[in-house]
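In what follows, every chain begins at residue 1, and chains take the letters A, B, ... in the order their sequences are listed. Excluded from the calculations below are hydrogen atoms, water molecules and symmetry mates; all remaining heavy atoms, backbone and side chain alike, are included.
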Amino acid sequence: MSNAMQFGIFSVGDITTDPTTGHTPTENDRIKAILTIAQKVEEVGLDVFATGEHHNPPFYPSSPTTLLGYIAAKTERITLSTATTLITTNDPVKIAEDYATLQHLADGRVDITLGRGNTGPVYPWFGEDIRQGIPLAVEKYALLRRLWREDYVDWEGQFRTPLQGFQSTPRPLDGVAPFVWHGSIRSPEIAEQAAFYGDGFFSNHIFWPGSHTAKMVAFYRQRFEHHGHGTADQAIVGLGGQVFMRKNSQDAVSEFRPYFDNAPVYGHGPSLEEFTSQTPLTVGSPQEVIDRTLGFRDYVGDYQRQLWLMDHAGLPLKTVLEQLDILGEDVVPVLRKEFAKNRPALVPDAPTHESLVLAAQAALVQSSTEEAK
Amino acid sequence: MTTRTLAVVSAGLSQPSSTRMLADKIAAAAVARLEEQGFEVAVESFDLRDVAQDITNNLLTGFASAKLEKVIVAVTGADGLIAVSPIFTASYSGLFKSFFDVIDNRSLTDMPVVIGATAGTPRHSLALDFALRPLFTYLHAVVVPSGVFAATGDWGETGDTVRSLPARIDRAAGELVALMKDSQRPSRVHDLFVLDASFSPTGAYTAS
């Protein structure tokens with residue numbers, strides 16, 4: 001099924017003490033909880049579940065395709081994705097193999113978001129240098145693309161041992177590589193890379209002001225057009241977001257405040273009120289979340305994917321599942337309807353495996369017609 | 001008439017603050033000299049105290065509040081900078097350092113800077129040259145040779161009577177103005193969205 005816009009959640013995968021109870025889940029608790037959360041995403045009618053990738057505590061998801069492979073077997077409809085896959089420190093050959101395998105297991109319900117990672121020591125742990133973050137992302141993705149698109153690859157680069165006559169297996173499902181999003185908070189080079197290939201651009205969006213996201217997305221859109229993939233408003237944009245909801249706005253604020261105040265990322269800094277006004281974080285009623293989310297379109301244009309951060313900062317599983325219920329029942333159905341209004345016909349729907357297969361077939365027909373002429 | 005903008009950053013904490021007083025005096029001397037030479041001068045003065053909370057928040061969240069962003073834009077886009085800190089525990093104050101920690105480390109490249117400091121006694125004066133000067137050198141700013149240090153006594157009769165505070169201020173201001181006259185800085189403010197000419201989205205790998 002194709003949606004103009006996809007809605008879902010992305011998980012950082014932190015193991016954090018619940019500040020209201022002092023309870024810290026075990027790794028096993030958290031890993032089992034995330035499986036429940038992913039299935040709930042499908043149950044409440046959302047479209048995407050994405051997991052982060054980390055190689056240090058307090059995070060558990062070091063092996064995303066293992067996790068997503070299990071979820072693939074337990075779900076039927078949702079797209080499985082990442083947020084993000086570390087293109088800098090992973091071997092692109094292993095990414096090509098792992099995600100093509102996942103694509104087969106999930107019958108195509110897979111895409112991938114590439115990011116550089118900002119945890120300094122991860123680079124040397126995997127034999128890399130963080131100062132080479134951008135060149136690593138650029139070179140390794142260039143190889144990844146070829147591994148998925150060419151049956152036999154001869155390759156030589158700066159950051160990996162050369163390949164002669166290498167074939168990455170399994171070949172992508174139906175000969176179509178998973179759709180790729182490039183994620184970056186602040187590097188225009190990555191927006192340029194996404195635009196150059198006509199890939200998607202995902203803006204994390206949750207830790208920085210919307211004005212900054214607006215500039216990054218505008219740059220990506222303009223470069224997408226420059227590189228000849230369509231008009232700027234046809235570029236494929238995804239956004240992060242962060243919400244906490246209760247029927248009454250004030251209940252949401254008082255329940256979420258201790259989690260906010262102690263959150264690993266921004267805790268003990270700005271107040272909840274300051275952070276809410278300065279970033280897309282919305283804590284309040286479902287209607288407030290709807291209004292705020294619809295407002296994103298005002299500064300990034302019509303876009304394809306909205307993911308929310310839901311399970312973090314020590315929130316108990318029960319609360320996260322309640323939040324997903326609210327998203328599925330009260331928020332997303334309204335957003336689907338409202339975002340569809342005034343959406344120009346030329347704005348593409350969110351890419352799926354099916355849409356990519358159709359596009360590949362159309363391109364094939366066109367090139368054979370041209371040959372016949 | 002050609003305009004030059006001068007940013008003044010003071011990390012003084014009390015109000016009124018002798019650190020701010022020193023910063024203002026250096027600014028006034030620089031403005032007088034620039035005006036003498038036919039420039040119009042726009043001065044933008046900031047007390048870091050006013051954005052102290054915002055600076056801490058920026059350290060924790062990675063982004064500047066709108067209020068702090070205004071200060072950063074004004075400071076990094078100026079033709080010249082006067083930066084004055086009180087000396088706390090043998091160095092610049094933590095607030096002063098934190099401000100220069102949160103701005104982009106490329107954004108003061110080539111900036112003409114006068115450094116100044118205040119403290120209770122002249123025995124702290126070397127902090128200018130072992131603390132403030134290397135900080136700006138790291139940021140590739142151009143720090144003029146004369147730093148201005150004002151001990152409490154400099155504000156009265158126990159100051160240096162041979163090279164008086166006003167004379168030291170004037171000398172530093174002269175050095176700053178000599179650099180600001182030819183400043184091209186505002187046209188060279190680093191634009192995040194202008195990619196390095198050598199950047200290639202496909203990298204430098206050898207295709208087959």
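- Here the closest non-hydrogen pair linking A:Y197 and B:P201 is OH-O, 3.7 Å.
- With a threshold of 4.5 angstrom between heavy atoms, A:I185 does not approach chain B through any atom at all.
- Close approach to chain B, defined as a heavy atom under 4.5 Å from one of its heavy atoms, is seen in A:F207, A:W208, A:P209, A:H212 of residues 201-213 of chain A, taken by number.
- Of all heavy-atom pairs spanning A:V138 and B:T202, the tightest one is CG1-C, 3.4 Å.
- Other residues, nucleotides and ligands place more than 12 heavy atoms under 6.0 Å from the CD atom of B:E175.
- Atom CZ of B:F193 has more than 12 neighbouring heavy atoms from other residues, nucleotides or ligands inside a 6.0 Å radius.
- Going from atom CZ of B:F63 over to atom OH of A:Y266 covers 11.0 Å, rounded to the nearest 0.5 Å.
- The neighbour count for B:D101 CG, taken as heavy atoms of other residues, nucleotides or ligands under 6.0 Å away, is above 12.
- Checking each of B:D54, B:T61, B:N58 against A:P270 for a side-chain contact (heavy atoms from CB on, under 4.5 Å) leaves exactly one that passes, namely B:T61.
- Contact annotation for B:F199: only side-chain heavy atoms (C-beta onward) come within less than 4.5 Å of a heavy atom of chain A.
- Neither the backbone nor the side chain of A:K140 comes within contact range of chain B; no heavy atom of the residue lies under 4.5 Å from a heavy atom of that chain.
- The number of heavy-atom neighbours closer than 6.0 Å to CZ of A:R186, taken from other residues, nucleotides and ligands shown, is 12 or below.
- Among A:E274, A:Q193, A:E192, the residue making the largest number of heavy-atom pairs under 4.5 Å with chain B is A:E192.
- At a 4.5 Å heavy-atom cutoff, A:R145 makes no contact with chain B through either its backbone or its side chain.
- Most heavy-atom pairs under 4.5 Å with chain B, from the set A:G269, A:G267, A:A195, A:S277: that is A:G269.
- Here the straight-line distance linking atom NE2 of A:H268 with atom CG of B:L60 works out to 9.0 Å at 0.5 Å rounding.
- For a residue to count as touching a neighbouring chain, one of its non-hydrogen atoms must lie under 4.5 Å from one of that chain's; by this rule A:F275 touches chain B with the side chain only.
- Nearest heavy atom pair, residue A:E189 against residue B:L195, reads N-CD2, 3.8 Å.
- Contacts between residues 160-169 of chain A and chain B, defined by a heavy-atom separation under 4.5 Å, are made by no residue at all.
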